[in-house]
Enquirer: 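Quick one: structure below, then a few questions.
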Amino acid sequence: MTNWQHLKRSAECQTLSCTDLSLYTNTRFMIDNPQLRKILKWAGLTVLTVLVLLTGVSVYFSKNWKPELEKKITEAVNKGSEGLYQVSVKDLHLNILTGSISADSIWLRPDTVMLNALLGKKVAPTHLFEIRLAKLQLRRLSLLRIWRKKEIDLNDIILNKPSINMTYYAGQHRPQTKTKPKSLYELLSGTLHSVRIKAMRIADADFDYISGATGKKLNSVHKLNLTVRDFLLDADSADDTTRFYYTKDVRFEIAGYQSPSKDGMYTTKVDSITGSLRKRELEIKNFRMIPKYPELEFSRKLGTQKDRYDLHFKHILFSGIDYLRLNSDGVLHAQSLLLNSGIAKIFMNRELPGGTQDKTQNFPHMALQRLPVATTIDTLKLRKLNVAYTEYNPMAEQKGTVHIDNLKGNVLNVTNDSVSLDKSAVAVALLEADLVKAAHLNIQIDFKLRSPIAGFHYKGHIGPMNMVKLNPLSRALGLVELESGKISKIDFQAEGNRYGAKGKMQMRYTDLKIRLLKAGEDGEAPKKKGFLSFLANNILIKDSNPLPGKELREVKIDFERTPSASFFNLLWKSVFIGLRETVGLGIVPMKSPEQGNKDMQKKLKERKEKRAEKKEEKKAEKEKKEQEQQKKKD
């Protein structure tokens, strides 16, 4: 190196920091070394050649393997489903460099000829699928491994916004053959030795559940997300008890579900529905059934006496679901169903004429039998539920509510499945709650699941209660005010069915005094009936049980149900009959519900006419005064 070069090097170094000096020196060395430059050129040319070759191979495979790959996919689907399904793909895109494949416009559907043949023999699968997908992506796929080892090992599959139709065919039974049917692996083993997919994600799917008999949609779900974890198909995976249909787990989620009722009077909303096949669970958060109109407006739009429901359950959990049986036989079996932290409000407007519909079909055990799916819930768990049954009395122009708060307990053997019913045809409800915010209730109801007349048996116990606390209910619904009275306990039991209930009751109480009321006019408060109240307390009412020197009275319950009465109405009205008989009002004849409603409609009509007359009188009086004032001015 010359002196001038040393000086130049020294000047350059002065402009560099200490940290850059080493880098500068190495760079100058590589530039000034001819042999090293040749090596770098050779390496660069080699890399470029490899890239060109890989690109060429990728293009070659994309063009020449595409038909072969499409053929293999079609054969695999047809062979794996034993000819039941066929698939079509519009276009395939292959990238060997990244190990990815994407497919456009995929359509998986049953072969109609094969399906009709199986349906005719009643040996078709219970559920069949039709899937349409705009695009499918497979990532991190080793084509060399497929070619050499006949093994597929995928990192993940992504299905974005697919359309899925699931059709249910009832009454299909797979034939029982002496030879064991071939497994999915045995059907594909000639083509592949193993298939492993670490994760498969389906995002924002539209799902329709369709009746195969009618072709009508039974249910529709949008924004369905599904994740399949660790799918493995090989010689041993079918016998792996830790797997469900060759997977370690399948999780699904539906967010923000909302659906109007068929009549447009309700909206059903759910914040989220999640489930796991591995955990055998299904969880629903914030289920709500919301009426479209306020109570009185809602009922008046219906025109007849019908219950209005307002439901909200914060947490619903199915546990121990047999997903395999649900898929293969269309039978829902769960070890338990938890309803936690819920509010159920039921409203009835008595100003309307009674409807012709018989509400027997809505009794709990009768509604269960009408479910379209064979269902068995070993234990229905009720926790922290509040029920409010409200009736509007048009004569008093007030609402009265029966509150059942903090309802909890279990219902055993909830089923409509014939196999389960053969074992036991009774569902047993063991419940307790706080009744009308005044006393504690324990009740057992035995539902006779195969009874053609909706039979059931119930028995219960009500603890100590201050009867004055019943006034909000008795004033509105019975036009009776309780001045005093204390209940020690009530025990009752009865046999009930669609026609009514018959049984017996014992009620221990002391110091009962009542005041009879008369309905007020034009929204005024009910008025006291002083003389009639005096007669009732001194002649009719028995102020205690037992009376001094007497034995404890036991009375009969005999209640005739009107067809339009609900199950809850039947329960509490039959208990009310027992209370009425015990206190001495049994000698006062009761009108039938139909006659009572007819008389009430007549009274309401007369009240309306009187109000119209008064309105006209006030109008005429006002006009007369205006005329007199005008005459004075003139």
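Index from 1, following the sequence. Since the structure is predicted, the reported quantities are computational estimates derived from the model, not experimental observations. Worth knowing before you read on, the calculation uses all heavy atoms, side chains too, and leaves out hydrogens, waters and symmetry mates.
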Enquirer: Does I321 offer a backbone N or O that forms a donor-acceptor pair with the side chain of R280 under 3.5 Å?
Expert: yes
Enquirer: Does Y266 reach the main-chain N or O of Y309 with its side chain, forming a donor-acceptor pair under 3.5 Å?
Expert: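 Yes.
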Enquirer: For K381, is the NZ atom crowded, meaning more than 12 foreign heavy atoms sit under 6.0 Å from it?
Expert: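 It does not: K381 NZ has 12 such atoms or fewer within range.
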Enquirer: Consider only side-chain N and O atoms of H127 and Y209, and report whether a donor and an acceptor are under 3.5 Å apart.
Expert: yes
Enquirer: For a 4.5 angstrom cut-off between non-hydrogen side-chain atoms, does F252 reach V221?
Expert: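 Not in contact.
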Enquirer: We want to know whether T242 and D240 form a side-chain donor-acceptor pair, criterion being a heavy-atom distance below 3.5 angstrom.
Expert: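 D240 and T242 do have a side-chain donor-acceptor pair below 3.5 Å.
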Enquirer: Any ring pair (Phe, Tyr, Trp, His ring centres under 6.0 Å) involving residues 271-290? Give me the pairs, sequence neighbours left out, ordered by first then second residue.
Expert: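 Sorted result for residues 271-290: empty, none.
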Enquirer: With rounding to the nearest 0.5 angstrom, report the CG to CG distance, L337 to L317.
Expert: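 Taking CG in L337 and CG in L317, the distance rounds to 8.0 Å.
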Enquirer: Quick one: CD1 on I284 to OH on Y257, what's the gap to the nearest 0.5 Å?
Expert: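 One gets 10.5 Å once the value is rounded to the nearest 0.5 Å.
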Enquirer: Walk me through whether K314 and K285 qualify under side chain to side chain contact (heavy atoms under 4.5 Å, CB included).
Expert: CA-CA 6 Å; K314 291 184 179 179; K285 291 185 177 180; over 6 Å; no
Enquirer: Judged by modelled atom types alone, do N362 and R370 share a side-chain donor-acceptor pair under 3.5 Å?
Expert: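 Result is yes, a qualifying pair exists.
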Enquirer: Verify side chain to side chain contact (heavy atoms under 4.5 Å, CB included) between L449 and V426, making sure each step is shown before the conclusion.
Expert: CA-CA 6 Å; L449 300 176; V426 177; 5.8 Å; no
Enquirer: Is it true that W107 and Q86 share a donor-acceptor pair across their side chains at a distance under 3.5 Å?
Expert: no
Enquirer: Check the side chains of H333 and D378 for a donor-acceptor pair under 3.5 angstrom, ignoring hydrogens and angles.
Expert: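 A pair is found: one side chain offers a donor N or O, the other an acceptor, under 3.5 Å apart.
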Enquirer: Provide the closest heavy-atom pair for S566 versus Y389 in the form atom of the first, atom of the second, distance.
Expert: OG-CE1, 4.4 Å
Enquirer: Check whether Y293 forms a cation-pi arrangement with K301 (NZ or CZ under 6.0 Å from the six-membered ring centre, at most 45° off the ring normal).
Expert: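 The answer is yes; both the distance and angle limits are met.
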Enquirer: So, does N413 use its side chain to make a donor-acceptor pair with the main chain of S424 at under 3.5 Å?
Expert: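 Side chain of N413 to backbone of S424: a pair is present.
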Enquirer: Could you walk me through whether D307 and K359 pass the salt bridge (charged side-chain N to carboxylate O under 4.0 Å, His left out) test, one step at a time?
Expert: CA-CA 10 Å; D307 292 326; K359 292 183 181 176; 3.7 Å; yes
Enquirer: What do the steps show when you test R383 against S341 for side chain to side chain contact (heavy atoms under 4.5 Å, CB included), and what is the final call?
Expert: CA-CA 6 Å; R383 303 290 185 270; S341 300; over 6 Å; no
Enquirer: Could you state the interatomic distance from CG (D405) to CD1 (I343), rounded to the nearest 0.5 Å?
Expert: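 Between atom CG of D405 and atom CD1 of I343 there are 9.5 Å.
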Enquirer: Under a 4.0 Å N-O cut-off, is there an ion pair linking R325 with D417?
Expert: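 Answer for the salt bridge query: yes.
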Enquirer: Under 4.0 Å between a side-chain nitrogen and a carboxylate oxygen: does that hold for D156 and R201?
Expert: yes
Enquirer: If you take all heavy atoms of P110 and L115, which pair is closest and at what distance?
Expert: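 Closest approach of P110 to L115, heavy atoms only: CB-CD2, 4.2 Å.
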Enquirer: For T375, does its backbone N or O pair with a side-chain atom of T415 as donor and acceptor, under 3.5 Å?
Expert: yes
Enquirer: Quick one: does I273's side chain get under 4.5 Å of L282's, heavy atoms only?
Expert: yes
Enquirer: So do Y168 and T126 actually touch side chain to side chain, heavy atoms under 4.5 Å?
Expert: yes
Enquirer: Is there a side-chain contact between V87 and I106 (heavy atoms, below 4.5 Å)?
Expert: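 In short, these two side chains touch, coming nearer than 4.5 Å.
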Enquirer: Would you call E130 and R132 a salt bridge, taking side-chain N to carboxylate O under 4.0 Å as the test?
Expert: yes
Enquirer: For a 4.5 angstrom cut-off between non-hydrogen side-chain atoms, does K345 reach R308?
Expert: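 They are not in side-chain contact.
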Enquirer: Shortest non-hydrogen contact from D111 to G83?
Expert: CB-O, 3.7 Å
Enquirer: Looking only at heavy atoms, what is the nearest atom pair of V373 and G330, with distance?
Expert: CG1-O, 3.3 Å
Enquirer: Does a side chain donor of either D263 or S261 reach within less than 3.5 Å of an acceptor in the other side chain?
Expert: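 A pair is found: one side chain offers a donor N or O, the other an acceptor, under 3.5 Å apart.
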Enquirer: Heavy atoms, side chains only, cut-off 4.5 Å: are R450 and D422 in contact?
Expert: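 Yes, at least one pair of side-chain atoms sits under 4.5 Å.
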Enquirer: Any salt bridge between R288 and D310, counting N to O under 4.0 Å?
Expert: no
Enquirer: How long is the span from the OG atom in S105 to the NZ atom in K135, to the nearest 0.5 Å?
Expert: 10.5 Å
Enquirer: Is any side-chain heavy atom of V77 closer than 4.5 Å to a side-chain heavy atom of L108?
Expert: yes
Enquirer: Going by the angle between their ring planes, with limits at 30° and 60°, are F567 and F447 parallel, tilted or perpendicular?
Expert: tilted
Enquirer: Looking at L368, is its backbone amide N or carbonyl O close enough to the side chain of N416 to form a donor-acceptor pair, meaning the two atoms are under 3.5 Å apart?
Expert: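 Yes; judged by distance alone, with no hydrogens or angles, the pair exists.
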Enquirer: Could you tell me whether the side chain of D249 and the main chain of R278 form a donor-acceptor pair under 3.5 Å?
Expert: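 Judged by distance alone, yes, a pair lies under 3.5 Å.
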Enquirer: Using side-chain heavy atoms (C-beta onward) and a distance below 4.5 Å, is L118 in contact with Y169?
Expert: no
Enquirer: So, Y323 side chain and E281 main chain: donor-acceptor pair closer than 3.5 Å or not?
Expert: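 Looks like yes, one N/O pair under 3.5 Å.
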Enquirer: Which pair of heavy atoms, one from R251 and one from S276, lies closest together, and at what distance?
Expert: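 Smallest heavy-atom distance, with atoms named: NH1-CB, 3.4 Å.
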Enquirer: Quick one: side chains of residues 230-237, donor-acceptor pairs under 3.5 Å with protein atoms, not counting sequence neighbours, listed by atom name and distance.
Expert:
{"from": "D230", "atom 1": "OD1", "to": "R196", "atom 2": "NE", "distance (Å)": "3.1"}
{"from": "D230", "atom 1": "OD1", "to": "R196", "atom 2": "NH2", "distance (Å)": "3.1"}
{"from": "D230", "atom 1": "OD2", "to": "R196", "atom 2": "NH2", "distance (Å)": "3.2"}
{"from": "D230", "atom 1": "OD2", "to": "R243", "atom 2": "NH2", "distance (Å)": "3.2"}
{"from": "D234", "atom 1": "OD1", "to": "D236", "atom 2": "N", "distance (Å)": "3.0"}
{"from": "D234", "atom 1": "OD1", "to": "S237", "atom 2": "N", "distance (Å)": "2.8"}
{"from": "D234", "atom 1": "OD1", "to": "S237", "atom 2": "OG", "distance (Å)": "3.4"}
{"from": "S237", "atom 1": "OG", "to": "L232", "atom 2": "O", "distance (Å)": "3.0"}
{"from": "S237", "atom 1": "OG", "to": "D234", "atom 2": "N", "distance (Å)": "3.0"}
{"from": "S237", "atom 1": "OG", "to": "D234", "atom 2": "O", "distance (Å)": "3.4"}

Enquirer: When rounded to the nearest 0.5 angstrom, what distance separates CD1 in I164 from CE in M166?
Expert: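 CE of M166 is found 10.0 Å from CD1 of I164.
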Enquirer: I'd like to know if K217 pairs up with D208 as an ion pair, taking the criterion as any Lys NZ or Arg NE/NH1/NH2 lying under 4.0 Å from an Asp or Glu carboxylate oxygen.
Expert: yes
Enquirer: At what distance, to the nearest 0.5 angstrom, does CE of M200 lie from CD1 of I158?
Expert: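 CD1 of I158 is found 11.5 Å from CE of M200.
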Enquirer: Under 3.5 Å, is there a donor-acceptor pair between the N410 and T379 side chains?
Expert: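 The answer is no; no qualifying pair exists.
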Enquirer: K448: which residues meet the side-chain hydrogen bond (donor to acceptor under 3.5 Å, both in side chains) condition with it, sequence neighbours left out?
Expert: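 In terms of side-chain hydrogen bond (donor to acceptor under 3.5 Å, both in side chains), with neighbours along the sequence ignored, K448 is linked to E495.
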Enquirer: Could you tell me which non-hydrogen atom of A344 sits nearest to which non-hydrogen atom of L311, and how far apart they are?
Expert: CB-CD2, 3.6 Å
Enquirer: Would D204 and L224 count as a side chain to side chain contact (heavy atoms under 4.5 Å, CB included) if you check the C-alpha gap in whole Å, the side-chain angles of each, and the deciding distance to 0.1 Å?
Expert: CA-CA 5 Å; D204 291 337; L224 169 65; over 6 Å; no
